[in-house]
Protein chains: 2
Amino acid sequence: MYEKIIKEKGLSLTKKRVDILRTLDINKKPLMIDDIKKKVKTKMDTSTIYRSLKVLVDSGLVYQTDFREGVSYFEFHGENGHHHHIICTTCKKRESIDICMDKAFPSLEKKTGYKITNHIFEIFGLCKTCLK
Amino acid sequence: MYEKIIKEKGLSLTKKRVDILRTLDINKKPLMIDDIKKKVKTKMDTSTIYRSLKVLVDSGLVYQTDFREGVSYFEFHGENGHHHHIICTTCKKRESIDICMDKAFPSLEKKTGYKITNHIFEIFGLCKTCLK
DNA sequence: TTCATTTTTGCAAAAATTTGCAAAAAAATA
DNA sequence: TATTTTTTTGCAAATTTTTGCAAAAATGAA
Ligand SMILES: [Mn+2]
Ligand SMILES: [Mn+2]
Ligand SMILES: [Zn+2]
Ligand SMILES: [Zn+2]
């Protein structure tokens, strides 16, 4: 399962990477490094988690995002496609949103010559409650 | 000038904030904390730069972005509107792009109840050279 | 301007993230 | 499978970013 996903991206298959990917998938929400370290089955050094995630993010398997809380969050975006978030800069509340401009990517690839692998898109503002 | 811009956002006006904003504006490209610390006219503690930028970013005056180089970059997006980037994950080269979906924000504000102040959008991939 | 109140800044310490290097694991070759 | 080569991992150290607190600066009301 996760083995297949990792191999298909041309990455070397390691137990740690499988473990991290499965952890993100099962939890169905953005996790930070400490969360991952606790939830993972294998004992794993923090630097290994950072380095493994870098590979998974660059390949497009994992979405890395910055909610401006001082730590990075990571989320598995599987079969059902990816999504982005809207975050309140005051109370830090966040919701998923379903808008994205990935439809424009093919023409952008043509224009720039890049092969696009992933992107980050997050919206910040004030939520209904904090506006009052 | 920068005084006016800062006041209009309802932020308190300090010499450091003006200094940082002017530095970003003059340089016309993303700067990292160390760049800013060197280029700024006033001697300024690093933590002050971080904290000042946080305020400027949340207000929407400054664009904070992550090129995945291990440091944050900051760029002033003034009158002429903002822009985003496409970054090569291999050689770290980056270019400005002119696509954005901020036209969709009014309906998103209506749907979510948020007052949107800013957003981050960055595209990653492999450049023409690194694809070979 | 003066005084009281709120916000920002500098400094030191803490926390998050990255990096160099040798050992371990995975991939490639035979 | 056995051997060789390449990549990943753990550990320690370095770098980047955040935070608590007291002093300084900015704001707002006399
Ligand atoms: Mn999400
Ligand atoms: Mn730019
Ligand atoms: Zn809020
Ligand atoms: Zn490249």
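Proteins get letters first, then strands, A, B, ... in listed order; numbering begins at 1 in each.
The separation between R68(B) atom CZ and dA16(C) atom C1' is 18 Å, rounded to whole Å. Protein atom CG of L53(A) is 14 Å distant from nucleotide atom C1' of dT18(C), rounded to whole Å. L13(A) places its CG atom 15 Å from the C1' atom of dA28(C), with the value rounded to the nearest Å. For the pair D19(A) CG and dA26(C) C1', the computed distance is 17 Å after rounding to whole Å. Between K92(B) atom NZ and dT18(C) atom P the separation is 10 Å, expressed in whole Å. If you measure from atom NZ of K54(B) to atom P of dT16(D), you get 17 Å, rounded to the nearest angstrom.
Looking at E109(B) and Y114(B), their side chains never come closer than 4.5 Å, going by heavy atoms from C-beta outward. Between I120(B) and E122(B) the shortest side-chain heavy-atom distance falls below 4.5 Å.
Each of E69(A) and G70(B) was assigned the nucleotide of DNA chain D with the nearest heavy atom; the assignment lying further toward the 5' end belongs to G70(B).
When ring centroids are compared, Y63(B) and H77(B) come within the 6.0 Å threshold. A ring-centre distance under 6.0 Å is not found for H85(B) and H119(A).
Scanning for side chain to side chain contact (heavy atoms under 4.5 Å, CB included) contacts around D66(B) gives R68(B), with sequence neighbours left out. T129(B) meets the side chain to side chain contact (heavy atoms under 4.5 Å, CB included) test with K93(B), C127(B); sequence neighbours excluded. Residues meeting the side chain to side chain contact (heavy atoms under 4.5 Å, CB included) test with R94(B), sequence neighbours left out: P30(B), F67(B), E69(B), Y73(B), I87(B).
Judged purely by atom type and a 3.5 angstrom limit, K115(B) has no side-chain atom pairing as donor or acceptor with the backbone of G125(A).
The stretch residues 20-27 of chain A has no heavy atom under 4.0 angstrom from DNA chain C at all.
Listed nucleotides dT27(D), dA27(C), dT17(C) differ in distance to Y50(A); the shortest reach to its side chain belongs to dT17(C).
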Expected string for nucleotides 2-14 of chain C under the B/S/- scheme (protein heavy atoms, under 4.0 Å, primed atoms plus P, OP1, OP2 as sugar-phosphate) is -----SSBBB---
Listed pairs under 3.5 Å, donor-acceptor, residues 99-108 of chain B side chains, sequence neighbours left out:
residue : atom : partner : partner atom : Å
S107(B) : OG   : A104(B) : O            : 3.1

